[in-house]
Amino acid sequence: MLDIRIIREQTDRVKARLRLRGGDGWQSIDEVLSLDESRRKAETEKQSLQSERNRVSRDIGIAKKQGGDTAGVEARMRAIGDRITQLDREAGELDARQEALLLGIPNLPHEACPEGQSAEDNPEVRVWGAKPDFKFEPKDHVTLGKSLGLFDFESAVKITGSAFVVYRGQGARLERALINFLLDLHTREHGYTEILPPFLVNAASLTGTTQLPKFSDQLYHCPEDGLYLAPTAEVPVTNLHRDEIVDTASLPIKYTAYTPCFRREAGAAGVGTRGLIRMHQFDKVELVKITLPDQSMEELEKLTADAEKVLQLLGLHYRVIELCTGDIGFGSAKTYDIEVWAPGQGTYLEVSSCSNFGDYQARRMKLRYKDPETKKNVFAHTLNGSGTALARLYVALLETCQREDGSIALPAALQAYFGAAEIRG
RNA sequence: GGAGAGAUGGCUGAGUGGUCGAAAGCAACGCUUUGCUAAAGCGUCGUAGCCCUUAAAGGCUACCGAGGGUUCGAAUCCCUCUCUCUCCGCCA
């Protein structure tokens, strides 16, 4: 959520930054401002009447104790009370509309975010490794998985539906090995604290991390209980500190969490048609940071590096791109995407999106720290990124590490976790 | 699912219609003193919004789990909801 004061005081700059996103978010700025003005007017009148009521009511109490007749004043106060009720309703309604609009306005792209209209304009930041050179025609992961018996989609269709998968045997073990490898890497080598959160979350949490109210169509919802399946561990983990004033000395807070992620993928093209690449449920190990404002950009670089380390240790070729203003996510001020090479697909697959949200999420969830200098409560900065998503990592791993005979040669870093050096049918 | 109890400031905990934003204690912070690894005295010590200000200062309003209601006036009375605890039931 944007700071209404900044919208008030730097209207032109706010609009200009929002325009760089290419959407129509900036168009509601004028409406927000006019609501804000009406709201404050109603508020001010209400408060001065409340002040009068407080004062007179006190006098009535005193007069009554002395046996005075207060019927006349009481009648007048009744009228003022009615007016207060009316103004309160007005102010409340204006406030709700202003809040609703503000929740629908995306974050301002950071000055460091490259300008551009669409994904076409995303600059490549760096490349690690190179596309593997196969002496044979590499197979895709669906073919490899089928011949090795690692997973199957038909069973998932029977028990659930399309775009779900059942891992079996060595396939299930590989998924588990990857999860353990990732969590150990981030906790032991990178200093993150492991969290195992609930997979169902409430509406307040989803509002805090921006999935609600705007993206409700992407969420699985249990209306009887008011709960949603978490689309990413970002939601439960960042919201651990919602409505808190965190100890300044504890910053930066660094969490990592494994969770399955549930996404309806409404309107997404090709759901369920390309193997493991886009699923309604997939595993992910997430990285979340809460930092001081002046450290968040530096922490974003570190977080991205922590995610990249995964691919380096697994020997998977990848590139890092920076999302331009026209392509960054709703709440993000700056984002790096990490894309791993999948030889069987002949494309790069996004396995991590590392974002600095500035104070945008923190303001929504009232996540603050006390500035030791000024003694004021200040909104912290929040960051997150996948470290990494599992399904696509699995795809890249199978397709990169395949041998001509269809077996998989596991990277050294994974062998102890998997309990073998290779996968054979 | 059934029955009961409860929810007050960082914590403990008073307060059942009228200067209560809220006693007291603890913790924290600052100063002073004694001196030593602790103690005493004094002071400060919630959050947010609005107004006025370049700002500081100041004024006002709201908040005692959440939302409604009664009343001139609500932490206090009434209703609904949420959460916590205890017991029963069910259950991995």
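In what follows, every heavy atom counts, from backbone to side chain, and hydrogens, waters and symmetry copies are set aside. Just so it is clear, the model here is predicted, and its values are computed rather than measured.
- Comparing B:C78 with B:U19, their C1' atoms are spaced 26 Å from each other, to the whole Å.
- A:Tyr394 and A:Phe151 have perpendicular rings, their planes meeting at more than 60° on a 0 to 90° scale where under 30° would count as parallel.
- Both distances falling under 3.5 Å, in either a Watson-Crick or a G-U wobble arrangement, occur for no nucleotide opposite B:U53.
- When the C1' atom is compared between B:A74 and B:A22, the two are found 13 Å apart, to the nearest whole Å.
- Under the Watson-Crick and G-U wobble criteria, each requiring two contacts below 3.5 Å, nucleotide B:G21 is left unpaired.
- Taking only side-chain nitrogens and oxygens, A:Arg39 comes nearer than 4.0 Å to OP1 or OP2 of B:C50.
- Only the C1' atoms considered, B:G10 is 13 Å distant from B:U47, to the nearest whole Å.
- Between A:Tyr220 and A:His280, the angle of the ring planes goes over 60°, which puts this pair in the perpendicular group of the 30/60° scheme.
- Between A:Lys302 and A:Glu298, at least one side-chain nitrogen of the basic residue sits less than 4.0 Å from a carboxylate oxygen of the acidic one, meeting the salt-bridge criterion.
- Across the C1' atoms, B:G58 and B:C52 are found 8 Å apart, a figure rounded to whole Å.
- Base pairing of B:C90 is not made with any nucleotide, judged by Watson-Crick or G-U wobble geometry with both donor-acceptor distances under 3.5 Å.
- Between B:A57 and B:A48, the two P atoms lie 15 Å apart (nearest whole Å).
- When the side-chain nitrogen and oxygen atoms of A:Lys370 are compared with OP1 and OP2 of B:U47, one or more of them lie within a distance under 4.0 Å.
- If you take atom C1' in B:U76 and the same atom in B:C64, they sit 10 Å apart, rounded to whole Å.
- Using a 4.0 Å heavy-atom cutoff across all strands shown, A:Asn54 reaches sugar-phosphate atoms only and no base atom.
- In this structure, A:Asn377 reaches the B:U47 phosphate: one of its side-chain N or O atoms is under 4.0 Å from OP1 or OP2.
- A salt bridge is absent between A:Lys376 and A:Asp371; no separation between the charged side-chain nitrogens and carboxylate oxygens falls under 4.0 Å.
- Here the C1' atom of nucleotide B:C60 and the CZ atom of A:Arg40 are 16 Å apart, to the nearest Å.
- For the OP1/OP2 pair of B:G18 and a distance below 4.0 Å, the side-chain nitrogens and oxygens of A:Arg58 include no atom meeting the criterion.
- Backbone-only engagement by A:Arg8 is indicated by non-hydrogen atom pairs under 4.0 Å involving sugar-phosphate atoms exclusively.
- Residue A:Lys46 is out of contact with every strand shown, counting any heavy-atom pair closer than 4.0 Å.
- To the nearest whole angstrom, the two P atoms, one in B:A28 and one in B:C83, are 35 Å apart.
- Here A:Arg53 does not reach the OP1 or OP2 of B:U61: none of its side-chain N or O atoms lies under 4.0 Å away.
- With rounding to whole Å, A:Asp243 atom CG is found 12 Å from B:A48 atom P.
- Under the 3.5 Å distance criterion, with hydrogens and angles disregarded, a donor-acceptor pair is assigned to the side chains of A:His141 and A:Gln345.
- In this structure, the CD atom of A:Glu52 is 16 Å from the P atom of B:C72, given to the nearest Å.
- Proximity of A:Ser57 to the phosphate of B:G18: no side-chain N or O atom is located under 4.0 Å from OP1 or OP2.
- B:U82 and B:A7 make up a base pair, with Watson-Crick or G-U wobble contacts both under 3.5 Å.
- Minimum atom distance to the side chain of A:Gln47 is reached by B:C50, of the listed B:C50, B:A48, B:C72.
- Rounded to a whole Å, the CD atom of A:Gln50 is 10 Å from the P atom of B:A74.
- For the residue pair A:Tyr336/A:Glu301, the side-chain donor-acceptor check at 3.5 Å is satisfied.
- For the pair A:Glu99 CD and B:A48 P, the interatomic distance rounds to 15 Å; values are reported in whole Å.
- The CD1-P distance, from A:Ile62 to B:G18, rounds to 13 Å in whole Å.
- In this structure, B:A14 makes no Watson-Crick or G-U wobble pair, since no nucleotide meets both defining distances under 3.5 angstrom.
- For the residue pair A:Thr238 / A:Glu234, no side-chain donor-acceptor distance below 3.5 Å is found, with atom types taken as modelled.
- What separates OH of A:Tyr369 from P of B:U47 is a distance of 15 Å, to the nearest Å.
- Taking the six-membered ring where tryptophan is involved, the planes of A:Tyr192 and A:His190 are perpendicular, since the angle between them exceeds 60° and thus also 30°.
- Base pairing analysis places B:C77 opposite B:G69; the two distances defining the Watson-Crick or G-U wobble pair are each below 3.5 Å.
- For the pair A:Ile84 CD1 and B:U71 P, the interatomic distance rounds to 15 Å; values are reported in whole Å.
- Both distances falling under 3.5 Å, in either a Watson-Crick or a G-U wobble arrangement, occur for no nucleotide opposite B:G35.
- Under the Watson-Crick or G-U wobble criterion, with both distances below 3.5 Å, B:U44 is paired with B:A28.
- Only the P atoms considered, B:G46 is 27 Å distant from B:G68, to the nearest whole Å.
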